[in-house]
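Notes follow the structure.
All of these numbers come straight from a predicted model, not from anything done at the bench. Counting starts at 1 for both ligands and their atoms, following the listed order.
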Amino acid sequence: MKKPILYVIIPCYNEEEVLELTCGIFTDEINELIRKNKISEKSRIVYIDDGSRDKTWDIITRLSIDNICINGIRLSRNRGHQNAVLAGLLESKDVCDISITIDCDGQDDIHAMENMVDAYTDGADIVYGVRSDRSTDTFFKRFTAEAYYRLLNMMGVEVIFNHADYRLMSSKVLQELSKFKEVNLFLRGMVSLIGYKSTSVYYGRHERMGGKSHYPLRKMLILAFDGITSLSVKPIRLITALGFFIAFLSFIGIIWIVIGTINGNTIEGWASSTCLICLVSGVQMMSLGVIGEYIGKIYLEVKARPRYIVSERTDKGKKIGEHE
Ligand code: UDP
Ligand code: MG
């Protein structure tokens with residue numbers, strides 16, 4: 001079997017503190033895999049600078065001059081982790097045989113890459129990196145993450161438990177991924193929709209090697225909400241079901257009021273009516289909000305704006321893989 005060309009896709013946002021630290025680890029791993037004859041010498045590392053405001057791009061440019069195996073692309077502004085990963089994947093899809101996406105902070109165990117490549121050689125087109133333990137996470141992060149995976153599954157979104165975006169995909173999968181034209185990205189859910197043979201590789205997750213997290217609770221909540229509303233219409237159906245349930249309750253309530261009136265024991269029920277009005281208007285507002293969320297999404301999808309814009313490239317602006 002021909003040795004596959006591996007492209008490691010690494011998104012970076014304001015990562016000047018950690019880039020150089022982890023770059024050596026990534027290149028060592030690639031060289032090790034080349035030495036073991038598991039991947040081709042044409043394998044590369046592709047850094048995607050997601051519109052950083054610090055020296056990230058300067059560092060990437062320098063690294064790419066020092067090391068031919070490193071490429072960089074710079075997005076015109078910060079678009080978020082998911083879009084940066086997609087940019088790297090789509091830019092590499094025609095020149096690599098396999099891609100592995102990984103964060104640049106050294107949190108995900110780099111040695112799992114070898115197992116991923118082995119799984120590909122054994123016939124898998126998608127290899128999910130799955131965290132074997134979350135002991136380095138806070139209790140809050142662990143609890144919310146696990147509750148979220150359960151919620152996603154209840155909503156009918158297929159995701160692998162404890163898998164983030166550390167994943168191997170073959171070029172066949174990338175070609176299919178490029179046909180998904182949506183703007184609201186939740187890659188781990190989209191990849192499961194593609195199908196093909198998949199498997200999982202387990203790894204431990206460490207602390208960041210430097211710098212700080214760019215995924216505050218706010219961004220995590222946005223991604224979590226996007227995950228559900230981009231891939232599932234169950235919330236709309238739940239609202240319809242809720243509507244029916246409330247209508248049914250009101251119907252019983254009306255019968256109860258009519259019987260009460262006939263029996264002559266009408267009371268001043270100010271409190272109960274007010275409570276009902278509050279409840280019903282609250283539920284209506286909530287329902288409108290969720291429906292609005294979907295309409296907002298339709299609005300964005302209909303515009304079909306580009307999902308990322310490259311402003312600069314290392315290697316004199318050539319496309320990735322062009323100089324080979
Ligand atoms: N990242 C990005 N764009 C963003 C935020 C983050 O490309 O807007 C990158 C970041 O540089 C890192 C990866 O996404 O390589 C994961 O981010 P981070 O480590 O901050 O998240 P955490 O691991 O804390 O969830
Ligand atoms: Mg991280």
Within a radius of less than 6.0 Å around CZ of Phe245, do more than 12 heavy atoms belonging to other residues, nucleotides or ligands occur? no
With the 4.5 Å side-chain cut-off for hydrophobic clustering, are Ile70 and Met209 part of the same group? yes
Using a 6.0 Å cut-off, check whether atom CZ of Phe180 has over 12 heavy atoms from anything other than its own residue. yes
In the protein, what heavy atom is nearest to atom 14 (O) of ligand 1, and what distance, to one decimal place, separates them? His81 CD2, 3.0 Å
Considering the heavy atoms of Asp105, write down every atom of ligand 1 situated less than 4.0 Å from one of them. 19 (O), 23 (O)
Asp108 meets the side-chain contact (heavy atoms from CB on, under 4.5 Å) criterion, sequence neighbours left out, with Ile102, Asp103, Tyr166, Tyr203, Arg205
My understanding is that only one of Lys212, Lys55, Arg208 makes a side-chain hydrogen bond (donor to acceptor under 3.5 Å, both in side chains) with Glu15; could you say which? Arg208
Of all protein heavy atoms, the one nearest atom 17 (O) of ligand 1 is Tyr215 CD1, 3.8 Å
Polar-atom distance check: His214 versus ligand 1, any N or O pair below 3.5 Å? yes
With a 4.0 Å heavy-atom cut-off (strictly under), which part of Val85 contacts ligand 1: side chain, backbone, both or neither? neither
Does one hydrophobic cluster hold both Ile160 and Leu193, with members joined at side-chain heavy-atom distances below 4.5 Å? yes
Taking Val157 as the starting point, is it possible to reach Met154 by hopping between hydrophobic residues whose side chains are less than 4.5 Å apart? yes
Specify the protein heavy atom at minimum distance from atom 22 (P) of ligand 1: its residue, its atom name, and the distance to 0.1 Å. Ser213 OG, 3.7 Å
Among non-hydrogen protein atoms, atom 1 (N) of ligand 1 lies closest to Tyr13 CB, 3.8 Å
Hydrophobic clusters here meaning ILVMFWY residues chained together by side-chain heavy-atom distances under 4.5 Å, can you tell me if Ile295 and Leu238 are in one? no
Taking only heavy atoms of Cys12 into account, list the atoms of ligand 1 that are under 4.0 Å away from them. 7 (O), 11 (O)
Please state which protein non-hydrogen atom is closest to atom 23 (O) of ligand 1 and give its distance, to 0.1 Å? Gln107 OE1, 2.8 Å
For Arg205, counting its heavy atoms only, list the atoms of ligand 1 lying under 4.0 Å from any of them. 23 (O)
Could you tell me which atoms of ligand 1, counted from 1 in the order shown, lie closer than 4.0 angstrom to a heavy atom of Lys219? 4 (C), 5 (C), 8 (O)
Over 12 foreign heavy atoms within 6.0 Å of CZ, Phe161: yes
Side chain, backbone, both or neither: the part of Asp50 lying under 4.0 Å from ligand 1 by heavy atom: side chain
May I ask you to decide whether Asp165 forms a salt bridge with Arg188, counting only side-chain N to carboxylate O separations under 4.0 Å? yes
Would you check whether Gln82 reaches within less than 4.0 Å of ligand 1, judged by its heavy atoms? no
Thr229 and Lys297 side chains, donor-acceptor separation under 3.5 Å: yes
Do other residues, nucleotides or ligands put more than 12 heavy atoms under 6.0 Å from the CD atom of Gln175? yes
Near Arg208, which atoms of ligand 1 are under 4.0 Å from a heavy atom of that residue? 18 (P), 19 (O), 20 (O)
Residue, atom and distance of the protein heavy atom nearest atom 11 (O) of ligand 1 read Glu15 OE2, 2.6 Å
For the Mg ion (ligand 2), count the protein N, O or S atoms found under 2.8 Å away. 2
Is there a polar contact, in the sense of an N or O pair closer than 3.5 Å, between Pro11 and ligand 1? yes
